[in-house]
Amino acid sequence: MDDVRLSSRRGRALLTATALGSGMAFLDGTVVNVALPTIGRELDADLSALQWTVNAYTLTLAALILLGGALGDRLGRRRVFTLGVVWFTAASVLCALAPGVEVLIAARALQGVGGALLTPGALAILQTVVHEDDRARAIGAWAGLTGVSGIIGPLLGGWLLEFDWRWVFGINVPLAVLTVWLIRVSAPESRDENDSGQFDGQGAALGALALGASTYALIRVPEAGATPVVVGTAALSLVAAAAFLLRERRAPHPMVPLSLFSDRTFSVINIMTFVVYAGLSGIMFFLMLQLQVSLTWSPLAAGMATLPITLLMLFLSGRSAGLATRYGVRPPLVAGSLCGAAGVALLATVGPDDGYLSAVLPGVVLLGIGLTTLVPTLTATVMASAPQHLAGTASGVNNGISRAAGLIAVAALPALTGLAGESYADPDALTESFRAAMLICTGLLIGGALAAASITRRAVAAPAEEPAPSEAPEPAEVTLPAVATPAMAEHTDEEEVATSAPCPGPCMPPSYGR
């Protein structure tokens with residue numbers, strides 16, 4: 001089977017299909033935020049119900065996305081991706097038809113199952129099907145397009161709310177039809193031919209239990225306090241998390257091979273993913289509430305407030321991948337996180353009676369520049385630092401970590417900032433909570449920059465073949481990227497010269513098994 005070239009008609013269709021499919025999942029992760037006040041009014045829902053409207057989706061997505069990536073590697077990445085799109089769309093229809101908030105929450109949980117199947121498959125298909133010379137560009141384009149879909153959510157949600165909040169979910173139907181058709185005509189089937197076919201059901205169950213219990217405890221504690229049920233649930237989440245790690249260490253066929261984390265770059269970039277995406281999830285959750293409740297903006301106006309982020313990511317994401325190629329992955333990751341942190345710090349000052357140009361726009365623009373610099377490099381770094389035959393699993397790990405981060409942030413931030421019950425409808429109470437939340441999110445993005453700063457810039461040559469079990473591997477040599485840029489040639493310090501190993505392109509972390 002020949003690899004697909006990105007410049008071909010088939011390659012463009014493949015990129016469009018994967019971006020649309022994963023974009024639906026990203027879109028639903030943000031588009032619902034702008035609809036929360038409307039849903040709360042029309043379905044008579046309190047803050048806890050609104051949190052679960054967001055978190056029911058994120059919970060099942062985060063809990064099962066690791067399994068979704070493993071299923072794609074074993075059963076066929078195109079097959080599982082297509083199943084995920086169909087499942088996600090059917091659940092979206094249920095959301096649109098929900099008569100009450102309880103049914104909506106249940107349908108959102110079903111949506112998360114579909115998202116867990118399709119999201120890791122999109123990136124794994126690009127990593128294994130696209131020609132080696134085009135992979136970095138394909139992943140950068142995918143990251144930019146899906147990032148746009150996530151950020152465009154508030155804008156699209158605001159426009160759809162002018163008609164009916166149910167269209168927030170109904171919009172997925174035509175997108176899904178186009179996605180399924182494009183993926184069927186453009187993507188050959190791919191799988192891990194050496195996989196045993198055995199599934200780690202215990203690992204999946206323990207991971208889901210850890211996330212579910214922690215989410216319940218975080219959402220319930222502001223209203224119920226430290227009751228025996230809340231404390232017991234929190235303790236259960238810690239026990240389940242420890243049992244999950246123990247299970248993955250000892251299982252003959254783990255859902256998440258812990259050997260992935262023996263690569264320093266893979267480990268650090270996933271730590272960075274957690275803190276950064278926790279901050280981003282908290283920002284979008286609180287910003288949409290603040291603009292509509294405290295500033296009394298319409299849903300459409302609140303959604304349009306983030307339009308600069310969308311435009312920046314749409315037009316500049318490709319160029320940010322060029323920064324990583326020229327300077328290595330560390331500078332854009334650090335700079336993007338710090339720029340985003342500066343933008344969020346400015347947004348923390350937004351309050352009642354503030355205008356868009358003077359109060360909101362500066363922070364939004366800085367946040368957009370930060371995301372445009374950060375997101376494509378982060379995504380390419382994750383995939384390049386994992387073995388190719390585990391592309392689906394690696395994508396599932398990173399996506400699961402980002403969703404778990406958002407899950408915990410949306411559950412914890414209202415509690416940490418004193419927001420509970422119906423208080424989100426009080427402009428004064430919400431503004432106080434919003435400002436505290438934005439400062440916490442600023443700190444999280446700064447934490448992401450510190451994590452990125454610890455990523456080594458040394459390039460390690462990967463062995464062509466794995467050593468036999470009885471042989472001790474020779475220490476890997478420090479090497480220069482296969483293609484050096486003029487900027488790299490000017491360095492003299494070893495740590496700076498070997499900025500990072502070639503991904504499919506120079507200056508990306510090492511990719512094994514190619």
Side-chain angles (χ1 to χ4, degrees), residues 24-58 91-112 149-173 175 219 281-307 309-310 350 352 354 356 360 364 406 410-411 413-414 419-431 433-434 437:
M24 287 196 302
F26 278 86
L27 186 69
D28 253 51
T30 58
V31 70
V32 174
N33 286 335
V34 75
L36 290 178
T38 303
I39 292 173
R41 288 193 302 270
E42 295 196 10
L43 299 184
D44 193 25
D46 60 10
L47 179 63
S48 177
L50 296 183
Q51 286 177 284
W52 275 111
T53 300
V54 174
N55 280 342
Y57 170 76
T58 313
S92 297
V93 173
L94 291 178
C95 289
L97 299 176
V101 70
E102 295 82 5
V103 176
L104 176 61
I105 291 171
R108 288 280 286 163
L110 290 175
Q111 262 193 317
S149 69
I151 300 301
I152 204 174
L155 175 62
L156 180 62
W159 177 66
L160 292 173
L161 285 172
E162 295 291 310
F163 306 96
D164 193 317
W165 67 266
R166 299 177 188 276
W167 280 109
V168 166
F169 302 103
I171 192 65
N172 290 326
V173 175
L175 296 178
I219 289 180
S281 297
I283 292 162
M284 290 304 168
F285 181 83
F286 272 91
L287 182 59
M288 290 300 105
L289 286 176
Q290 176 73 354
L291 294 180
Q292 293 181 70
V293 175
S294 298
L295 277 68
T296 65
W297 291 10
S298 69
L300 179 59
M304 290 186 67
T306 60
L307 182 59
I309 302 178
T310 303
V350 173
D354 279 340
Y356 178 70
V360 180
V364 166
V410 172
L413 281 175
L419 200 65
E422 303 290 343
S423 59
Y424 75 90
D426 180 352
D428 293 333
L430 178 60
T431 296
S433 179
F434 167 78

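One is the number of the first residue; the rest follow in order along the sequence.
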Minimum heavy-atom separation for [X] to [Y], with atom names?
X      : Y      : answer
Gln290 : Thr431 : NE2-OG1, 3.3 Å
Gly170 : Ala96  : N-CB, 4.4 Å
Ala302 : Met288 : O-CE, 3.5 Å
Pro352 : Leu295 : N-CD1, 4.0 Å
Ser294 : Pro427 : OG-O, 3.2 Å

Kindly determine whether Met284 and Val54 satisfy side-chain contact (heavy atoms from CB on, under 4.5 Å), including the steps that lead there.
-> CA-CA 11 Å; Met284 290 304 168; Val54 174; over 6 Å; no
Please tabulate, for side-chain N and O atoms in residues 34-42, each donor-acceptor pair with protein atoms closer than 3.5 Å (sequence neighbours left out).
| residue | atom | partner | partner atom | Å |
| --- | --- | --- | --- | --- |
| Thr38 | OG1 | Arg41 | NH2 | 3.4 |
| Glu42 | OE1 | Trp165 | NE1 | 2.9 |

Quick one: list whatever passes side chain to side chain donor-acceptor pair (under 3.5 Å) with Glu102, sequence neighbours left out.
->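 Testing Glu102 for side chain to side chain donor-acceptor pair (under 3.5 Å), a comparison that skips the adjacent residues, returns none.
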Contacts of Ser92 that satisfy side chain to side chain donor-acceptor pair (under 3.5 Å) - sequence neighbours left out |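 Expected list: Gln111, Asn172.
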Can you name the side-chain contact (heavy atoms from CB on, under 4.5 Å) partners of [X], sequence neighbours left out?
X      : answer
Asp428 : Asp426
Leu94  : Ala107, Leu110
Ile105 : Trp52, Thr53, Ala56, Val101
Ala301 : Trp297, Ser298

Does any non-hydrogen side-chain atom of Leu413 lie less than 4.5 Å from one of Phe285?
->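 Counting from C-beta outward, Phe285 and Leu413 never come under 4.5 Å.
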Less than 4.5 Å apart, any side-chain heavy atom of Leu104 and any of Phe169?
->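 Side-chain contact under 4.5 Å: yes.
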Chi angles and distances behind the side-chain contact (heavy atoms from CB on, under 4.5 Å) call for Asp354, Val360 = CA-CA 8 Å; Asp354 279 340; Val360 180; 5.8 Å; no
